[in-house]
Undergrad: 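Dropping a structure here in structure tokens format, bear with me for questions.
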Amino acid sequence: MITLTDIVKIYETRKGPRKVLNDINLRVGMGEKIGILGLNGAGKSTLIRIISGAELPTSGKIFRGMSVSWPLAFSGGFQGSLTGIDNLRFVCRVYGADFRRSVPFVQEFSELGNYLNEPVKKYSSGMRARLAFALSMAVEFDCFLIDEIIAVGDSRFHEKCRIELFEKRKDRAMLMVSHNGEFIRAHCERVAILVAGRLHMFEDVEESLVFYHNHAASQASLDGS
């Protein structure tokens, strides 16, 4: 179980404090597939980073009763001076994974070839994303955090990622954030909508999509007025 209790996130800006997340409460059980929909700038990626531990909340509590991945394809934790293989070695040490067994998988899946022996700072953003996704699959997490950034590479590589995650690991819990209702409909059992920093939970996926599309239309009308 992952539990978020009264999570608040405030950023300091030139115009003063901005509350991105406001009293967020959420529970994710073993094997659950939960989607979080929100318009651009709603705070979806901020929430997923907080759940992963990559970013701290301003206030509130997080309980992680199962192992949680970093946001898939998130490469912010790489040490740029180290090679791809050295970063893999570090990740395996931190998460208790078998480095020797992980190397062949990462080599095959990432398709980075000799670049795995080059410093990550020399990688393009796409190469870093491939490495990050491969490392995520090399470690067996109970819950995977999925951001829209998962769609990296060409269509063939994208399909390869889909099979590895949604078919081979379909028994794992997944928390997916997106602004794409069809992506959420295809993969999620429950959906929450992030609006003005607050999370609105729906047990019925179709009901959640109606709410989301009405909210998006209302926002577009306000932006156009």
Side-chain angles (χ1 to χ4, degrees), residues 1-29 32-66 68-78 125 128-129 132 136 141 143-152 173-185 187-188 190-203 205 207-225:
M1 178 75 73
I2 301 170
T3 306
L4 279 66
T5 305
D6 300 331
I7 296 296
V8 172
K9 182 63 180 183
I10 299 173
Y11 289 110
E12 294 296 333
T13 72
R14 292 181 179 179
K15 296 183 178 180
R18 180 183 174 225
K19 185 177 288 187
V20 177
L21 302 176
N22 187 7
D23 292 329
I24 299 294
N25 293 280
L26 179 67
R27 288 186 178 183
V28 184
E32 276 196 292
K33 311 294 189 294
I34 299 177
I36 298 178
L37 280 167
L39 301 178
N40 290 331
K44 305 183 301 297
S45 294
T46 297
L47 178 58
I48 211 86
R49 288 196 301 270
I50 287 174
I51 295 172
S52 74
E55 190 167 340
L56 295 175
T58 303
S59 64
K61 296 180 180 180
I62 302 176
F63 170 75
R64 301 178 185 88
M66 53 183 167
V68 183
S69 78
W70 53 86
L72 295 196
F74 173 69
S75 55
F78 286 148
S125 59
R128 291 169 70 97
S136 300
F141 294 106
C143 179
F144 286 95
L145 305 178
I146 304 168
D147 204 340
E148 290 164 322
I149 198 172
I150 187 176
V152 296
M174 296 182 189
L175 189 61
M176 312 174 207
V177 299
S178 181
H179 69 273
N180 186 322
E182 292 306 313
F183 175 77
I184 294 298
R185 175 188 276 130
H187 299 293
C188 298
R190 289 198 292 143
V191 180
I193 313 296
L194 191 56
V195 178
R198 293 188 179 274
L199 210 55
H200 304 262
M201 182 62 71
F202 294 82
E203 298 298 325
V205 174
E207 183 182 351
S208 73
L209 294 180
V210 170
F211 179 93
Y212 175 65
H213 290 312
N214 287 341
H215 167 61
S218 175
Q219 189 62 48
S221 176
L222 288 174
D223 290 343
S225 62

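Values in this document were obtained by computation on a predicted structure and should not be read as measured data. Because only heavy atoms are used, hydrogens play no part in the values below, and waters and symmetry mates are left out as well, while side chains stay in.
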Undergrad: Do M176 and C188 make a side-chain contact, defined as non-hydrogen atoms from C-beta onward lying under 4.5 Å apart?
TA: yes
Undergrad: So K33 and M174, side-chain contact (heavy atoms from CB on, under 4.5 Å) or not? Walk me through it.
TA: CA-CA 5 Å; K33 311 294 189 294; M174 296 182 189; 3.8 Å; yes
Undergrad: In the structure I gave you, are the side-chain heavy atoms of V191 and L209 within less than 4.5 Å of one another anywhere?
TA: no
Undergrad: So, for S52 and A54, which heavy atoms are closest and what is the spacing to 0.1 Å?
TA: OG-N, 3.1 Å
Undergrad: Rounded to the nearest 0.5 Å, what separates atom CD1 in I48 from atom OG in S69?
TA: 8.0 Å
Undergrad: Taking the side chain as every heavy atom from C-beta outward, state whether R18 and I10 have any atom pair closer than 4.5 Å.
TA: no
Undergrad: How about H179 and N40: do any of their side-chain heavy atoms sit closer than 4.5 Å?
TA: yes
Undergrad: Determine the minimum heavy-atom distance between G43 and L194, stating which atoms define it.
TA: C-CD2, 3.6 Å
Undergrad: Closest approach of Y212 and G38, non-hydrogen atoms and distance?
TA: OH-O, 3.6 Å
Undergrad: Measure the shortest side-chain to side-chain distance between L26 and M201 over non-hydrogen atoms and say whether it is less than 4.5 angstrom.
TA: yes
Undergrad: Measure the spacing between CZ of F63 and CD1 of I2 and express it to the nearest 0.5 Å.
TA: 9.5 Å
Undergrad: Identify the two heavy atoms, one from L199 and one from N25, that lie closest to each other, and give their separation to 0.1 Å.
TA: CD2-O, 4.2 Å
Undergrad: So, do M1 and R27 sit near enough that their side-chain heavy atoms are less than 4.5 Å apart?
TA: yes
Undergrad: Quick check with a 6.0 Å cut-off and a 45 degree axis cone: is K9 positioned over the face of Y11's six-membered ring?
TA: yes
Undergrad: What do you reckon, are the aromatic ring centroids of W70 and F144 less than 6.0 Å apart?
TA: no
Undergrad: Can you confirm whether V8 sits close enough to D6 that some side-chain heavy atom of one is under 4.5 Å from a side-chain heavy atom of the other?
TA: no
Undergrad: Check whether any side-chain N or O of S218 sits under 3.5 Å from a backbone N or O of N214 as a donor-acceptor pair, and report yes or no.
TA: no
Undergrad: How far apart are the closest heavy atoms of E55 and T46, and which atoms are they?
TA: OE2-CG2, 4.3 Å
Undergrad: Taking all atoms of both residues into account, what is the closest heavy-atom pair of I184 and I36, and its distance?
TA: CD1-N, 4.2 Å
Undergrad: Are N180 and L37 packed together at the side-chain level, in the sense that at least one heavy-atom pair is separated by less than 4.5 angstrom?
TA: no
Undergrad: Please list, chain by chain and in numerical order, all residues satisfying ring-ring contact (aromatic ring centres under 6.0 Å, His included) with H215, sequence neighbours excluded.
TA: none
Undergrad: Apply side-chain contact (heavy atoms from CB on, under 4.5 Å) to the pair V205 and R190, showing each step before the final yes or no.
TA: CA-CA 6 Å; V205 174; R190 289 198 292 143; over 6 Å; no
Undergrad: How many angstroms lie between CG in L4 and CG in L47, if you round to the nearest 0.5 Å?
TA: 6.5 Å
Undergrad: Tell me every residue that passes side-chain contact (heavy atoms from CB on, under 4.5 Å) with S45, counting only those two or more places apart in sequence or in another chain.
TA: R49, D147
Undergrad: Keeping the roles fixed (side chain from K44, backbone from L39), state whether a donor-acceptor pair exists under 3.5 Å.
TA: yes
Undergrad: Of the options L145, L175, I62, which is the one that meets V68 in a side chain to side chain contact (heavy atoms under 4.5 Å, CB included)?
TA: L145
